[in-house]
Amino acid sequence: MFDGDNLETTIHLGIFIDTKIVGICSFFKNQNTNLQNVSQYQLRGMAVLKTHQGKNLGKIILKHGEQLLKEKNTKIIWCNAREVAVPFYEKTGYQITGNPFNISDIGLHYMMWKIL
């Protein structure tokens with residue numbers, strides 16, 4: 001659960017196999033002051049069940065969310081990526097900005113962004 005989950009501007013997506021949800025992705029309208037002052041959304045809560053990783057499901061749900069945001073005239077999408085997820089985001093066109101930082105009880109993160 002995140003602050004803003006129930007806002008009208010928030011987008012929640014799920015990817016299903018049969019009737020079982022195997023991946024999720026949420027996008028929050030949130031400005032990052034380290035980036036250009038244009039329409040931005042933050043990607044939060046991206047996850048695919050471990051048993052379904054490596055099947056391009058994360059890429060599929062992320063690309064779908066990016067397309068929805070483009071239709072809303074969003075210019076930049078950004079996220080705080082876990083260190084282990086950085087290669088995934090780099091493969092989908094995101095780039096790191098700034099220095100790594102630690103989120104308590106979760107670990108090392110990098111701020112990443114992409115122009116849509």
Side-chain angles (χ1 to χ4, degrees):
M1 299 286 293
F2 295 113
D3 285 340
D5 269 340
N6 296 322
L7 293 176
E8 194 173 298
T9 55
T10 300
I11 300 168
H12 296 291
L13 301 176
I15 193 162
F16 293 79
I17 294 181
D18 297 321
T19 59
K20 182 179 180 182
I21 192 162
V22 297
I24 56 100
C25 195
S26 294
F27 300 90
F28 295 77
K29 188 161 184 58
N30 190 13
Q31 293 291 118
N32 185 313
T33 57
N34 295 314
L35 300 171
Q36 296 174 357
N37 189 20
V38 296
S39 178
Q40 300 177 22
Y41 263 77
Q42 180 183 8
L43 165 63
R44 297 187 75 184
M46 173 86 182
V48 174
L49 290 176
K50 196 164 201 73
T51 55
H52 289 81
Q53 291 177 5
K55 300 176 181 178
N56 284 325
L57 300 178
K59 183 178 177 182
I60 291 167
I61 197 170
L62 181 58
K63 292 291 182 193
H64 182 69
E66 289 175 353
Q67 184 57 44
L68 292 173
L69 293 175
K70 279 184 189 180
E71 293 169 10
K72 291 179 161 286
N73 295 314
T74 302
K75 303 299 181 201
I76 293 177
I77 184 169
W78 64 277
C79 66
N80 293 323
R82 292 181 193 212
E83 184 175 29
V84 298
V86 167
F88 167 79
Y89 289 112
E90 287 177 329
K91 287 178 191 172
T92 57
Y94 289 74
Q95 56 187 317
I96 291 173
T97 189
N99 295 316
F101 57 95
N102 191 54
I103 295 180
S104 183
D105 298 325
I106 300 173
L108 197 62
H109 284 67
Y110 292 83
M111 203 283 268
M112 300 187 77
W113 64 283
K114 177 180 183 177
I115 294 174
L116 295 178

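The shown structure was predicted, so the numbers you read here are calculated from the model rather than taken from an experiment. Residue numbers count from 1 along this sequence.
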Counting only heavy atoms not in [X] (residues, nucleotides, ligands), do more than 12 fall under 6.0 Å from its [atom1]?
X	atom1	value
Asn102	CG	yes
Gln36	CD	no
Lys63	NZ	yes
Lys55	NZ	yes

Please lay out, stage by stage, how His12 and Ile24 fare under the test side-chain contact (heavy atoms from CB on, under 4.5 Å). CA-CA 7 Å; His12 296 291; Ile24 56 100; over 6 Å; no

Minimum heavy-atom distance between [X] and [Y], given as atom pair plus value:
X	Y	value
Met46	Leu62	CE-CB, 4.2 Å
Thr92	Lys114	O-NZ, 2.7 Å
Glu90	Met112	CG-CE, 3.7 Å
Tyr41	Thr9	OH-O, 2.8 Å
Ile61	Gly23	CD1-O, 3.9 Å
Ser39	Lys29	OG-NZ, 3.6 Å

Check whether [X] and [Y] end up in the same hydrophobic cluster, where Ile, Leu, Val, Met, Phe, Trp and Tyr are linked by side-chain heavy atoms less than 4.5 Å apart.
X	Y	result
Tyr94	Tyr110	yes
Leu69	Ile60	yes
Ile115	Leu68	no
Trp113	Ile103	yes
Ile11	Leu116	yes

Treating Glu83 as the side-chain partner and Gly107 as the backbone partner, does any N or O pair qualify as donor plus acceptor under 3.5 Å? no

Hey, does [Y] have a side-chain heavy atom less than 4.5 Å from the side chain of [X]?
X	Y	value
Val22	Leu57	yes
Tyr89	Leu43	yes
Lys20	Leu49	yes
Gln42	Asn80	yes

To the nearest 0.5 Å, tell me how far [X] [atom1] sits from [Y] [atom2].
X	Y	atom1	atom2	result
Ile17	Thr51	CD1	OG1	8.0 Å
Asn30	Cys79	CG	SG	12.5 Å
Ile96	Met111	CD1	CE	10.5 Å
Ile76	Asn37	CD1	CG	9.5 Å
Ser26	Leu13	OG	CG	7.5 Å
Lys59	Glu66	NZ	CD	10.5 Å

